[in-house]
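Remarks on the structure that follows.
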Number of protein chains: 2
Amino acid sequence: MMISQDILIKYIQSLLPISSEKASQLCISFNQFEAEKNHFLLKENNVSNETFFLESGFVRAFIIDRDGNEVTTNIFSAPIFVNDFLSFFKRQPTSENFQTLTKCIFWKMSFEDVQRNFHAVPEFREFGRMMLVTNYSHLNDRMISMIRDTAEARYLKLLNKHLDIFQNVPLKIIASYLGIADTSLSRIRKELINK
Amino acid sequence: MMISQDILIKYIQSLLPISSEKASQLCISFNQFEAEKNHFLLKENNVSNETFFLESGFVRAFIIDRDGNEVTTNIFSAPIFVNDFLSFFKRQPTSENFQTLTKCIFWKMSFEDVQRNFHAVPEFREFGRMMLVTNYSHLNDRMISMIRDTAEARYLKLLNKHLDIFQNVPLKIIASYLGIADTSLSRIRKELINK
DNA sequence: TCCATTTCTTGTCATTTGCTAAGAAGACTT
DNA sequence: AAGTCTTCTTAGCAAATGACAAGAAATGGA
């Protein structure tokens, strides 16, 4: 396996104003690994101790409802940082499960290394705040969409924004993320074809 | 009207490790005002330019769904800071409306003064991060509760945690916040009485 | 290539929940 | 204290959506 941090460095630089040297320095703390499909990064009731950068592949977050069903709360498409940052920074147990949907390549950094780099690399201090804001914002948008948009509108929005997800993730998972049953999504897709 | 900043100072000190002197200094930037029932603090499509401390009274946040109905997204019970902090810090239009449910006493600080105090009072810098984390966490908990708990369980949780809300806010607003119709909440309450 | 597994669609059925409307109870005003 | 307005409950009805099951299609592994 070719270990190249280019993608990670480019991604960090797209988020933060930081020199290539500093970014490379940060990357020393990231360890690359490969995960098979269905691998768990984090399970509910555990405190998140690692932040993952997803270089390639797809990941979902889900929680178990009262009937034992898995409800998808997030779908991640590379390149992106994947974590329950509330669990990570508040040091509290998560309620979500994070699992790969395909074979994936990750880079991970431990909580201790994140803390150390906050002190060692001033530019990196913005990272935590940015991850919190980004994920909060995403959850907020999702809540608003659930209230304002029909399931069909949510489907079309996701289709336009992340076609790659539809090519790599089962519709059952996507339907759950959209807040509907897989059979209902099938009906929506059927109606859309008749237009 | 008696202008006493005691409640505000105490509340800030309960959030942040800060001396009484520094806290008092911060309070110079807060202006007290009284608002009647049904007063709007912030309307959708506007950028939030003020952060409000609710000294007494009750406030709701709501968004308009596609049928024109008001869907309650938050109920605030004093003492608490009230704002769409994503709109406030990202300088982007909000999707929510913030409206008083009772006569209220507020203290407000402008965005410019918040920025100025971030520089002038080092201890205050944690404030923004804390507000984001607190509100993010609250939204996350609410999402999880919507998936895991029945409406009855959500009702009982709120009842135990904020009895004051039930004594001051119409059940119609509370039902909407719980994610159900007011008539459904009535059914739940009826069933609970038969136990 | 073939078999097994997963995924997707489709139809039927049942249940839940919201909508509407009406009346009772309560709160506020004058 | 009377009257108005809001709030809350209740009942009947309608509609939307999920559960279940069966079959088709696609995928992946041996």
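Within every chain, numbering begins at 1; the chains are lettered A, B, ... in the order of the sequence lines, protein sequences first and strands thereafter.
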Checklist outcome for this item: Given the options A:Ile165, A:Leu101, A:Leu163, A:Ser77 meets side chain to side chain contact (heavy atoms under 4.5 Å, CB included) only with A:Ile165
Checklist entry - Got B:Tyr177 and B:Val169 here, is their nearest side-chain heavy-atom distance under 4.5 Å? => result no
Among [options], which nucleotide sits nearest the side chain of [X]?
X	options	result
A:Thr183	D:dC20, C:dA21, C:dC8	D:dC20
A:Arg187	D:dA19, D:dG12, C:dT9	D:dA19
B:Ser186	D:dG18, D:dC8, D:dA11	D:dC8
A:Asp182	D:dC8, D:dA11, C:dT9	C:dT9

Next on the checklist: Looking at D:dT9, I'd like to know if its phosphate oxygens (OP1 or OP2) sit under 4.0 Å from a side-chain N or O belonging to B:Arg189.
Outcome noted: yes
Next on the checklist: Return whichever of B:Lys190 or A:Ser184 has its heavy-atom-nearest nucleotide of DNA chain D closer to the 5' end.
Outcome noted: B:Lys190
Rounded interatomic separation in angstrom, taking [atom1] from [X] and [atom2] from [N]:
X	N	atom1	atom2	result
B:Leu192	D:dT10	CG	P	13 Å
A:Asp65	D:dG18	CG	P	12 Å
B:Tyr155	C:dT17	OH	C1'	18 Å
A:Leu178	D:dT17	CG	C1'	15 Å
A:Ile188	C:dC8	CD1	P	15 Å
A:Lys172	D:dC20	NZ	P	12 Å
B:Glu191	D:dT9	CD	P	13 Å
A:Leu185	D:dA16	CG	C1'	16 Å

Checklist entry - Base, sugar-phosphate, or nothing: which does B:Ile180 touch, judged by heavy atoms less than 4.0 Å apart? => result sugar-phosphate
Item to check | Ionic contact status for B:Arg66 with A:Glu152, cut-off 4.0 Å | outcome: no
Checklist entry - Considering residues, nucleotides and ligands other than B:Lys172, do more than 12 of their heavy atoms fall under 6.0 Å from its NZ? => result no
Next on the checklist: Would you say the ring centers of B:Tyr11 and B:Phe81 fall short of 6.0 Å from each other?
Outcome noted: yes
